[in-house]
Amino acid sequence: MRAPPPLSAAPLLSAAKTHARLIKSGAASDTHAWNAVLTAYSRSAGLARARDLFDEIPQRDSVSWNALIAAHASSPTSSSSSSSSSSNALSWDLFRAMRALGLPFDHYTLGSVLKAVARSARLQFGRQLHSLVLKSGLDRNVFSASALVGMYAKCASLRDASRVFEAMPERNAVSWNALLAGYAEAGEVDAAFRLFGRMERASSVPDEATFASLLTLVDGIAYHRLMCQLHGKIVKYGQAKDSVVCNAAITAYSQCGLIGDSIKVFDKMEDNRDLITWNSMLAAYACHGLTDCAMELFVKMQEFGINQDMYTFTSVISSCTDHGHHNQGRILHGLVTKRGLDGETPVFNALIAMYIRTSENGMMEDAVKCFDSMEFRDSVTWNSILTGLSQNGLSTEALRFFGHMRSVEFKIDHYAFSAVLRSCSDLAILQLGQQIHGLVLRTGFASNDFVASSLIFMYSKCGVIDDARSSFHESDKCSSVSWNSIIFGYAQHGQARIALDLFTKMQERKVPPDHITFVGLISACSHIGLVEEGFNFLKTMESKYGVAIRMEHYACGVDLFGRAGRLDEAKELIDSMPFKPDATVWMTLLGACRIHGNMELASEVAKHLLEAEPREHSTYVLLSCMYSGFGMWNDRALLQREMRNRGLSKVPGWSWIEVKSKVHSFNAEDRSHPQAEEIYEMIVMLIEEIEVFSSRESEIDDFEFG
DNA sequence: CTAGGGTTAG
């Protein structure tokens, strides 16, 4: 069970005294005094105590009912128990009971019921209350009208919220903030800041709630400038010391990459830190992968006697990023149980994600154990397991789990579709992928960029580039995600010109490219030998497009020169790198040495590789292959002995294809298939055809956009 | 007896 919330002793004590006096002195009719006790109890002793007291009041009036409804509408929430949803529902029931008794309601009543409706996002009830507000003329009351704005904003009906707001004869900061919070929640950055500008011009003074909402909009390094401007406004309106503003600022600074400023805000707070302050700082560390800082802060919180909650645990658990933190993760799991937080779905979702990240072998036992032990699972829970299976290459299990989800879960969303389609790609099972595509179309997820991206990936992997293109057309195309996939698809299919045209279209649509876009573009150029174009992307991606060059871009660049036989330039590129090249970069160069038969450079490169990753079997295989090509049998024998000494063996690669619901698999030089003769005959024919084709000039299709 | 705001997991 959960520890009860800390009670504020003084008001509770004096309320209890009044309560005792009321019972003893026979002042039963002093409803005013009873109501005061009711309010005090609901604030400091919890909902149950308030309900008991309500039953004791001899002559209940509207105020008694209002107080009880208000108590239900603001009782604390917990994801595990259904107490909040039921207490919200009870507010509504109490309101109906009150009216059935013929008691009049007022702006106090409606304010509370609207709050309860907003918290449970029951828009239909909210609309009924709206008509009551209008009928009773309370729409001119600033409390009722603001509560209405807040209700519509929380139910994500921003048009209604704004309509009520515009019709208000009188507004205060709460009215402005209610609408502003709606825009902030929906991520409507422009609308939110336009409203803020109006608020300033209307001489409404922005307060701490205004800035708390605005700060949540800061999301990514692109908001750096905006954050500076906001900081200026906060100082101007004297809100820089408010704890709620500071808490939001810690998160905002972290979001725009300025974790140092988050720490500064946190350090300055000292006297007015609350639980959310600590949780925000913890989340900032976790988000930046600063595991040690997060752990240290977590311990410090305990030393300060802070009552850690589910937010604390979800953050500190999510700071365990890799296998190195596996033990810390387990300890935290133990603490979760000890603190009685094992009923909290978000905490368990974080644990599942942690076990997936920190597992060494990509196995999912721990995560599945968590999943099995949970009482309340939400879509995040299901999707985490599915995504974990899919990302760890457990494709068959992912497909089976997806089937399970469909049979028990209420709704499959874009996360699930994206993951399961990815597994279809990995297995190259087109038929099942097409069936799931059908499901995607029926459920209306085809326009989602993530789903479309997986569809594009699947079709292009299965060689059906036209269907990949159709899926691209159906997507929203509003993020780089689907663009990247189609660019990759055409790059893999050797149609670099189309990939480059797509990049032009992407820019016309003002979709910002990211680091993955450039991997696609450079490798597209590499595949058809557009060396200068490819190198140009590498040279300008930082200066012209503001995308930082990463290791994989250098690997692409090495491939670009390497495939074209310009091995010296490939080597020069590696030498010019501002950071130490990793194994992939060297491996790319080694591959190029093999294609172009440069044994001298290959030996040099192999030295780097065997030093950096002595257990990588593919280095030995590539090198040994080259030795045979050059007839260097002694070197080959030495290398193979070395490989045996280190306990390494060649891991064969497999290919497979699905024909009429049967999967046929092959590995190199494999003649075990019953139709091997025919298959190899066909390969010879295909190779001839390819040679004829490539001797002609390649023709490029025109590409149309929708 | 009322209304708005800050922290979490894919």
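Hydrogens, waters and symmetry mates play no part in the numbers below; they use all other heavy atoms, side chains included. Each chain gets a letter, A, B and so on, in the order its sequence line appears, and its residues count up from 1.
Classification of the A/Phe313-A/Phe298 ring pair by plane angle, with boundaries at 30° and 60°, yields perpendicular.
Between the CE atom of A/Met354 and the P atom of B/dG10 there is a distance of 12 Å, rounded to whole Å. Atom CZ of A/Phe211 is separated from atom C1' of B/dG4 by 14 Å (rounded to the nearest Å). One atom, CZ of A/Arg377, and another, P of B/dG10, lie 18 Å apart when rounded to the nearest Å. Rounded to an integer number of Å, the gap from NE2 of A/His288 to P of B/dT8 is 12 Å. A straight line from CD of A/Glu208 to C1' of B/dA3 spans 14 Å, rounded to a whole angstrom. If you measure from atom OH of A/Tyr253 to atom P of B/dT7, you get 16 Å, rounded to the nearest angstrom.
A donor and an acceptor atom never sit less than 3.5 Å apart when one is taken from the side chain of A/Tyr108 and the other from the base of B/dT2. One donor-acceptor pair, N or O on each side, does fall under 3.5 Å between the base of B/dG10 and the side chain of A/Asp413. For A/Asn177 against B/dA3, no side-chain N or O and base N or O form a donor-acceptor pair under 3.5 Å.
Checked options A/Tyr108, A/Phe105, A/Phe54, A/Phe95; the residue passing with A/Trp65 is A/Phe54 (criterion: ring pair (Phe, Tyr, Trp, His ring centres under 6.0 Å)).
Nearest nucleotide to the side chain of A/Ala353, out of B/dT8, B/dG10, B/dG4: B/dG10. Of all nucleotides listed (B/dC1, B/dG4, B/dT8), B/dC1 comes nearest to the side chain of A/Ala67. The A/Ser146 side chain lies nearest to B/dA3 when the options are B/dA3, B/dG5, B/dG4. If you check B/dC1, B/dA9, B/dG4 against the side chain of A/Thr39, the one that comes closest is B/dC1. Comparing B/dT8, B/dG5, B/dC1 by their nearest atom to the side chain of A/Met310 picks out B/dT8. The side chain of A/Tyr415 has B/dG10 as its nearest neighbour among B/dG5, B/dT8, B/dG10. The A/Asn383 side chain lies nearest to B/dG10 when the options are B/dG10, B/dG4, B/dT7.
For DNA chain B, no neighbouring residue in residues 156-164 of chain A is found when judged by any heavy atom under 4.0 Å.
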Test A/Arg377 against A/Phe348 for side chain to side chain contact (heavy atoms under 4.5 Å, CB included), laying out the working first. CA-CA 9 Å; A/Arg377 305 183 185 101; A/Phe348 258 64; over 6 Å; no
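With no hydrogens or angles considered, a side-chain donor-acceptor pair links A/Asp61 and A/Asn35 at under 3.5 Å. If you check the side chains of A/Thr381 and A/Asp378, you find a donor sitting under 3.5 Å from an acceptor. Inspection of the A/Asn141 and A/Asp106 side chains reveals no N or O donor paired with an N or O acceptor under 3.5 Å. Side-chain polar atoms of A/Asn172 and A/Ser175 form a donor-acceptor pair below 3.5 angstrom.
Heavy atoms of A/Thr216 sit under 4.0 angstrom from primed sugar atoms or phosphate atoms, though from no base atom.
Once the 5.5 Å centre distance and the 30° plane angle are applied, the aromatic ring of A/Phe143 is found not to be stacked with the base of B/dA3.
Heavy-atom contacts from other residues, nucleotides or ligands closer than 6.0 Å to CD of A/Glu200 number more than 12.
An OP1 or OP2 oxygen of B/dT2 is reached within less than 4.0 angstrom by a side-chain nitrogen or oxygen of A/Arg43. Residue A/Lys115 places no side-chain N or O under 4.0 Å from the OP1 or OP2 atom of B/dC1.
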